[in-house]
Amino acid sequence: MSNKNHPFHLVDVSPWPILGSLSALTVMSGLIKWFHMFNPSLLFIGLTSMIMIMYQWWRDITREGTFQGHHTYIVTMGLRWGMILFITSEVFFFISFFWGFFHNSLAPAVEIGMLWPPKGISPFNPIQIPLLNTLILLTSGLTVTWAHHSLMENNFKQTTQGLALTVILGIYFTILQAYEYLEAPFTISDAVYGSSFFVATGFHGLHVIIGTTFLLICLSRHINNHFSQIHHFGFEAAAWYWHFVDVVWLFLYISIYWWGS
């Protein structure tokens, strides 16, 4: 491979895909065991192995893209299209939740009293924690854009500051979301309203955690000088993902918290 005469990246044999699949199987089996037998031991084993595999797999990809120089322009374009298609699939993933929410809210069934929200459910006040979380995510969109432009201008200090602020805001959002769940006056089993609310906002919260982890890894890579003005797609992918999370939250806030209440 050291004497290749093409711009493509033919990946080396790696143990991480099969081990990652087995760890994902262990996690799902552990979830089932936890739900039915109230024993989380297998889940913890699966999560530990998955985190270890993720770390080593991402380490190998980082080496390929920086020190080994495998991420040429052609390879980077392929990665860009892969990220675009992944985010597109995520858009349709959330469309299914909005579809279910509007299907039930615009024509409430007789089983829930033909009311929305159903009788006995007290929805959240949209101008309290939900509005604060909206401001937090909008601000984080500004800080990650600031970091991106600073990186393109080769300003190391401001890129670090922008990324660090974005990570802090992402963690702050997650803490507030967890507090909101703890104080919720209804549960996921409270009619279709509870199901729609917790599934949609819960999956969004999971995406915020994933995006925060993505940006935290980018911050670590930036501090270790893995990015340059013209070669930083890992950071761009994280920024795209974060903007997607921002936009989904705006739709969630307007439809579920504000209009749905």
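Everything numeric here is computed off the predicted structure, so don't read it as measured data.
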Worksheet item: How far apart are the C-alpha atoms of Phe35 and Ile32, what are their side-chain angles, what is the distance that settles it, and do they pass the side chain to side chain contact (heavy atoms under 4.5 Å, CB included) test?
Response: CA-CA 5 Å; Phe35 290 163; Ile32 294 168; 5.7 Å; no

Worksheet item: Yes or no on side chain to side chain donor-acceptor pair (under 3.5 Å) for Trp242 and Thr166, after CA distance, side-chain angles and deciding distance?
Response: CA-CA 9 Å; Trp242 195 251; Thr166 309; 5.7 Å; no

Practice prompt. Begin from the C-alpha positions of His222 and Thr160 and carry the test side chain to side chain donor-acceptor pair (under 3.5 Å) through to its verdict.
Written response: CA-CA 7 Å; His222 171 66; Thr160 306; 3.1 Å; yes

Worksheet entry | Thr174/Ile171 under side chain to side chain contact (heavy atoms under 4.5 Å, CB included): CA gap, chis, key distance, verdict | CA-CA 5 Å; Thr174 304; Ile171 294 169; 5.7 Å; no

Practice prompt. Determine, step by step, whether Phe233 and Trp240 satisfy the ring pair (Phe, Tyr, Trp, His ring centres under 6.0 Å) criterion, reporting the C-alpha distance in whole Å, the side-chain angles of both residues, the deciding distance to 0.1 Å, and the verdict.
Written response: CA-CA 10 Å; Phe233 176 68; Trp240 290 358; 5.7 Å; yes

Discussion item. If you apply the rule side chain to side chain contact (heavy atoms under 4.5 Å, CB included), what do you find for Tyr73 with Thr76, and how did you get there?
Written reply: CA-CA 5 Å; Tyr73 176 77; Thr76 305; 5.6 Å; no

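Ring geometry, Phe94 versus His207: the interplanar angle exceeds 60°, so the pair is classed perpendicular (tilted spans 30 to 60°). Using the six-membered ring where Trp is involved, His232 and His148 have ring planes that are perpendicular, over 60° apart on the 30 and 60° scheme.
Cluster annotation: Tyr181 and Ile175 are assigned to the same hydrophobic cluster (Ile/Leu/Val/Met/Phe/Trp/Tyr, side-chain heavy-atom contacts under 4.5 Å, transitive).
Judged purely by distance below 3.5 Å, without hydrogens or angles, the side chains of Gln56 and Trp16 never pair a donor atom with an acceptor atom.
Screening Tyr253, Trp258, Trp249 for a side-chain hydrogen bond (donor to acceptor under 3.5 Å, both in side chains) involving Thr134 leaves a single residue, Trp249. Under the ring-ring contact (aromatic ring centres under 6.0 Å, His included) test applied with Phe93, the options Phe86, Phe203, Phe98 reduce to a single match, Phe203. Exactly one residue among Phe197, Trp259, Phe101 makes a ring-ring contact (aromatic ring centres under 6.0 Å, His included) with Trp116. That residue is Phe101.
His71 places no side-chain N or O within 3.5 Å of a backbone atom of Leu79 that could act as its donor or acceptor partner. Remark: side-chain polar atoms of Tyr257 are not paired, donor with acceptor, to backbone N or O of Ile127 under 3.5 angstrom. Remark: the backbone N or O of Ser140 is paired with a side-chain donor or acceptor of Thr143 at under 3.5 angstrom. At distances below 3.5 Å, not a single donor-acceptor pair connects side-chain atoms of Ser220 with backbone N or O atoms of Leu216. Asn155 places no side-chain N or O within donor-acceptor distance of the main-chain N or O of Leu151, the cut-off being under 3.5 Å. Under a 3.5 Å cut-off, the side chain of Asn104 and the backbone N or O of Gly100 do form a donor-acceptor pair. Checked by atom type and distance alone, the side chain of Gln158 never pairs as donor or acceptor with a backbone atom of Ser150 at under 3.5 Å. Of the possible polar contacts, none joining the Asn224 side chain to the His226 backbone as a donor-acceptor pair under 3.5 Å is found.
For the pair Asn225 and Phe156, the minimum side-chain heavy-atom distance is below 4.5 Å. Using a 4.5 Å heavy-atom cutoff, the side chains of His149 and Met152 are in contact. Counting heavy atoms from C-beta outward, Ile129 and Glu183 have side chains that stay 4.5 Å or more apart. Ser255 is listed as a side-chain neighbour of Phe102, based on a closest heavy-atom distance under 4.5 Å. The shortest side-chain heavy-atom distance between Leu43 and Lys33 does not fall under the 4.5 Å cut-off.
Phe186 has its ring centre less than 6.0 Å from the ring centre of Phe124. Taking the six-membered ring for Trp, Phe173 and His204 have ring centres closer than 6.0 Å.
Note: Ile217 CD1 to Phe235 CZ = 13.5 Å, rounded to the nearest 0.5 Å. Separation of atoms CG (Leu135) and CG (Leu169) is listed at 11.0 Å; rounding is to 0.5 Å. Atom OH of Tyr55 is separated from atom CD1 of Ile51 by 13.0 Å, given to the nearest 0.5 angstrom. Here the CG-CG distance, from Leu132 to Leu137, works out to 10.0 Å after rounding to the nearest 0.5 Å.
With a 6.0 Å radius and a threshold of 12 heavy atoms from other residues, nucleotides or ligands, Ile230 has its CD1 atom at or below the threshold.
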